[in-house]
Amino acid sequence: MDNNKLAELLFPEIDKTPQEYEAMYPARWEEPGDVIVTRLGPSPTGFIHLGNLYGAFVDERLAHQSRTPDGEQGIFYLRIEDTDDKRYVEGAVETIIRSLGFFGINFDEGATMEDSSVADDASNGAYGPYYQSQRGPIYQAFVKDLVRKGQAYPCFLTEEELTAIRSEQEANKETTGIYGKYAEKSRNLTLEEIEANIAAGKSYVMRLKSSDTSAGSVNGASGKVKYEDRDGVTYFHVNDAIRGDVAMPVNDQDVVILKANGIPTYHFAHVIDDHLMRTTHVVRGEEWLMSLPIHVELFEKLGFELPTYCHTAVLMKIDEETGNKRKLSKRKDPELSLDYYRKEGYHPQAVKEYLLTILNSNFEEWRAANPEADIDEFRFTTEKMSSGGALFDLDKLRDISKDVLLRIPADELADYLLEWAREFKPNAAPLLEDKEYLTQILDLGRHDNKPRKDLIYAKQIFDFISYFYDEYFIIEERIPEQVSDEDAKEILKRYLETYDHSDDQSQWFEKIRTITADLGYAVKPKDYKKHPEDYKGSVAHVSTVVRIAVMGRSQSPDVWSIQQILGEDRVRERISQLIG
RNA sequence: GGUCCUAUGGUCAAGCGGUUAAGACACCGCCCUUUCACGGCGGUAACCCGGGUUCGAUUCCCGGUAUGAUCACCA
């Protein structure tokens with residue numbers, strides 16, 4: 001068979017050669033050193049989840065903390081993998097960029113916020129186009145070259161034939177797919193048959209003509225792949241930055257590289273794009289690990305240097321029904337959606353920090369040693385990444401969030417809370433517009449030696465501070481059982497009578513003590529504890545009555561400080577209200 | 001079923017041939033305290049199983065077992 005003729009028959013329009021494309025996308029640096037180029041390659045479904053964020057964070061850190069010998073920063077770019085037209089969702093790219101931007105992850109290059117269907121140049125950077133759907137001619141040029149070299153061929157198998165082959169294989173308990181003898185029919189088509197099929201308008205795909213690359217027939221992916229014979233089966237070894245040495249049988253499947261519509265499959269697009277865009281590190285979920293043999297073969301056959309793979313672990317959770325670990329699913333698990341965190345009002349910084357603690361086992365230690373340091377100062381390493389799937393732990397997130405929020409100044413927190421409320425609690429938002437008031441509230445008890453850590457996420461914060469706003473103030477707890485209704489009234493009556501808003505904290509508490517003693521309660525809680533029969537209750541119970549009157553609840557920060565923020569009028573009014 | 005990843009307390013995890021097997025979260029108790037939180041102290045709780053290698057295995061090797069992943073003209 002004349003491969004050149006076949007190539008021309010299949011791709012008459014394609015006139016560029018791989019060499020020309022190589023020249024169009026030269027090396028990014030003359031002296032790259034250890035600089036890293038990563039990419040995020042989402043399909044534009046518009047659904048960004050925690051797993052994406054997790055991976056994106058690895059990409060971003062890896063690239064941005066690396067430098068060339070000349071001090072230039074590594075590059076993190078966005079490539080849209082829209083080879084499956086069924087998946088496209090309107091506005092998805094914008095959503096992706098915005099969602100990640102919310103968490104402080106920004107791209108240096110690639111697809112931009114502009115609408116790709118409107119703007120000619122919806123991306124920036126010299127290694128585009130960054131939409132795979134716009135790269136058709138590039139892929140085809142490389143496939144054409146593969147055909148010339150006899151390493152790819154058209155396959156006219158229909159869906160029915162494919163299904164028949166699969167059924168046969170399943171019945172025989174063989175590996176499914178097109179390989180070995182199952183590939184022969186298509187591989188052995190003559191030029192005339194192919195011509196006739198095409199003339200008849202038959203639809204076809206392009207398949208890779210798989211062969212054992214271990215013989216060293218090609219460039220060897222620049223020494224990054226090692227081969228080994230295990231009982232007659234050829235295995236290859238690749239060093240994964242997260243998992244270390246990974247060994248698998250070499251690929252023998254004649255996988256589809258170009259679909260019937262001329263668009264490449266993920267496998268082919270990955271190899272071409274990451275090579276041409278000069279990606280050094282490919283970060284992707286472990287679900288891709290099993291297709292590594294295909295990619296290794298493609299890199300070998302095309303003579304490209306293999307990038308460094310980083311196969312990340314999948315985020316898991318315990319399934320309530322089965323009790324087993326399982327991959328987080330976007331259908332069942334709302335906490336997988338990034339929107340969930342926005343709605344609950346988890347601060348992006350907290351989510352980021354949580355992700356880092358499960359991403360790098362030594363992060364927590366580093367954070368403990370450097371509580372004030374910027375998160376980007378942490379030196380992220382793939383070696384410290386766990387290769388097992390971590391369970392998502394909401395408790396841990398909350399714990400981390402407390403500390404993260406403590407490091408954020410109250411006025412910034414006020415802005416954050418207001419912004420959150422505008423979107424998710426619009427009725428309450430106007431109340432929060434009084435920033436000075438809100439800031440005081442949020443700053444309560446944060447500057448002591450042992451600062452309070454009451455604030456976790458926006459929704460919780462709002463509930464926590466809601467009593468500061470009359471519109472949300474309700475008495476939600478009963479007075480303690482040690483205090484009779486009569487006493488409660490008496491306590492509040494006397495409290496109101498003696499109340500002086502200008503009292504300092506100790507003067508204020510002295511008055512509480514007086515009331516406590518006068519009504520037969522223990523001024524020292526310990527006395528009541530030791531001799532409960534001598535008292536009705538203790539100062540704790542008396543204080544609780546005041547708490548409930550002023551805040552509607554028994555648990556809160558320091559009462560005196562709260563009253564100072566609430567203001568005299570509100571305090572008096574709330575107490576009078578309860579006395580009736 | 002084939003192939004591959006993984007395997008330390010409830011969870012996340014240090015460990016990389018000899019340790020009283022760290023630490024964090026959660027849980028429990030005590031202390032601090034006008035409540036709660038914070039903080040401090042203490043506690044319960046772990047090396048999947050079976051063979052090897054070795055003077056000695058949580059650690060190395062080989063088998064199981066289990067979890068997970070993957071076997072598309074989806075990514």
- B:rA75 and B:rC16, which share atom name C1', separated by this distance in whole Å: 37 Å
- Task: May I ask you to evaluate whether A:Ser361 reaches the phosphate of B:rA13, defined as a side-chain N or O under 4.0 Å from OP1 or OP2?
- Result: no
- Query: For A:Lys524, which contact category applies under a 4.0 Å heavy-atom criterion: base, sugar-phosphate, or nothing?
  - Reply: nothing
- Task: Give a yes/no on whether any side-chain N or O of A:Tyr235 is located under 4.0 angstrom from OP1 or OP2 of B:rC4.
- Result: yes
- Tell me what A:Leu359 touches on the nucleic acid: a base, only sugar-phosphate, or nothing, going by heavy atoms under 4.0 Å. nothing
- Query: Can you check the A:Arg230 CZ to B:rC4 C1' distance for me, whole Å?
  - Reply: 11 Å
- Residues A:Glu228, A:Lys226; criterion salt bridge (Lys or Arg N to Asp or Glu O under 4.0 Å); working and verdict: CA-CA 7 Å; A:Glu228 173 199 13; A:Lys226 300 246 179 328; over 6 Å; no
- Message: With a 4.0 Å cutoff (strictly under), does any side-chain N or O of A:Lys384 reach OP1 or OP2 of B:rC12?
- Response: no
- Task: Would you please confirm or rule out a distance under 4.0 Å between OP1 or OP2 of B:rC32 and any side-chain N or O of A:Lys526?
- Result: yes
- Is the closest basic N to carboxylate O distance between A:Arg494 and A:Asp518 below 4.0 Å? yes
- In this structure, CZ of A:Phe363 is separated from OG1 of A:Thr381 (nearest 0.5 Å) by 12.5 Å
- Query: Once you round it to whole Å, what is the distance between P of B:rC71 and CG of A:Leu162?
  - Reply: 15 Å
- Query: Given atom CH2 of A:Trp366 and atom P of B:rA14, what is their separation to the nearest angstrom?
  - Reply: 18 Å
- Any ion pair linking A:Lys459 and A:Glu344 (charged N to carboxylate O, less than 4.0 Å)? yes
- Taking atom C1' in both B:rC31 and B:rC48, what distance in whole Å separates the two? 40 Å
- Message: Checking contacts here: which listed nucleotide (B:rU70, B:rC73, B:rG68) is nearest the side-chain heavy atoms of A:Val256?
- Response: B:rC73
- Message: Side chain of A:Ser43, heavy atoms from C-beta onward: which of B:rA24, B:rA75, B:rC5 has the nearest atom to it?
- Response: B:rA75
- Note on the structure: When both distances are under 3.5 Å in a Watson-Crick or G-U wobble arrangement, the nucleotide paired with B:rU53 is none
- Task: Measure the spacing between NE2 of A:His270 and CZ of A:Arg39 and express it to the nearest 0.5 Å.
- Result: 7.0 Å
- Message: Between B:rA22 and B:rA14, how many Å separate the two C1' atoms, rounded to a whole number?
- Response: 6 Å
- Task: Select from A:Leu289 and A:Thr265 the residue whose nearest nucleotide in RNA chain B is closer to the 5' end of that strand.
- Result: A:Leu289
- Task: Consider the side chain of A:Arg207, meaning its heavy atoms from C-beta on, and name the nucleotide among B:rC73, B:rA69, B:rA75 that approaches it most closely.
- Result: B:rC73
- Query: What's the CZ-P distance between A:Arg367 and B:rA14, to the nearest Å?
  - Reply: 19 Å
- Query: Rounded to the nearest 0.5 Å, how far apart are CZ of A:Phe268 and CE of A:Met206?
  - Reply: 9.0 Å
- Message: A cation-pi test, strictly: NZ or CZ of A:Arg574 under 6.0 Å from the centre of the six-membered ring of A:Phe473 and no more than 45 degrees from its axis. Yes or no?
- Response: yes
- Paired to B:rU19 by Watson-Crick or G-U wobble criteria (both distances under 3.5 Å) is none
- Criterion ring-ring contact (aromatic ring centres under 6.0 Å, His included) on A:Tyr54 and A:Phe57, from CA distance to verdict: CA-CA 5 Å; A:Tyr54 176 90; A:Phe57 197 37; 9.1 Å; no
- Item | Distance, rounded to the nearest Å, where A:Met290 contributes CE and B:rG2 contributes P | 13 Å
- Is there a Watson-Crick or G-U wobble partner for B:rU33 with both distances under 3.5 Å, and if so, which one is it? none
- Item | Whole-Å gap separating C1' (B:rU11) and CD (A:Glu364) | 12 Å
- Whole-angstrom distance between B:rG18 and B:rC47, as gauged at atom C1': 16 Å
- Task: Could you check whether A:Arg166 gets within reach of a base, just the sugar-phosphate, or nothing at all, counting any heavy atom under 4.0 Å?
- Result: sugar-phosphate
- Message: Between P on B:rU3 and CE on A:Met248, what's the gap in Å once rounded to a whole number?
- Response: 13 Å
- Query: Rounding to the closest angstrom, what is the interatomic distance between B:rG52 and B:rA66 at atom C1'?
  - Reply: 22 Å
- Item | Distance between P atoms of B:rC32 and B:rG68 (Å, rounded) | 49 Å
- Residue pair A:Ile358/A:Arg243 against RNA chain B: nearer the 5' end by closest nucleotide is A:Arg243
- Is there a side-chain polar atom (N or O) of A:Thr176 under 4.0 Å from OP1 or OP2 of B:rA72? yes
- Just checking A:Ala269: base, sugar-phosphate only, or nothing, at a heavy-atom cut-off of under 4.0 Å? nothing
- Query: Given the P atoms of B:rU8 and B:rU59, what is the spacing between them in whole Å?
  - Reply: 12 Å
- Item | Enclosure of A:Glu159 CD (heavy-atom neighbours >12, cutoff 6.0 Å) | no
- Tell me, for nucleotides 34-39 of chain B in 5' to 3' order, what letter each nucleotide earns: B for a base near a protein heavy atom under 4.0 Å, S for only sugar-phosphate near one, - for neither? BBBBBS
- Query: Whom does B:rG42 pair with, Watson-Crick or G-U wobble, provided both distances fall under 3.5 Å?
  - Reply: B:rC28
- Item | Intermediate values then yes/no, salt bridge (Lys or Arg N to Asp or Glu O under 4.0 Å), A:Glu510 and A:Arg513 | CA-CA 5 Å; A:Glu510 201 43 53; A:Arg513 283 204 170 103; 3.4 Å; yes
- Message: Between B:rG9 and B:rC4, how far apart are the two P atoms, rounded to whole Å?
- Response: 26 Å
- Item | Complement of B:rA14, any strand, by Watson-Crick or G-U distances under 3.5 angstrom | none
- Item | Value in whole Å for how far the C1' atom of B:rC25 lies from CD1 of A:Ile400 | 9 Å
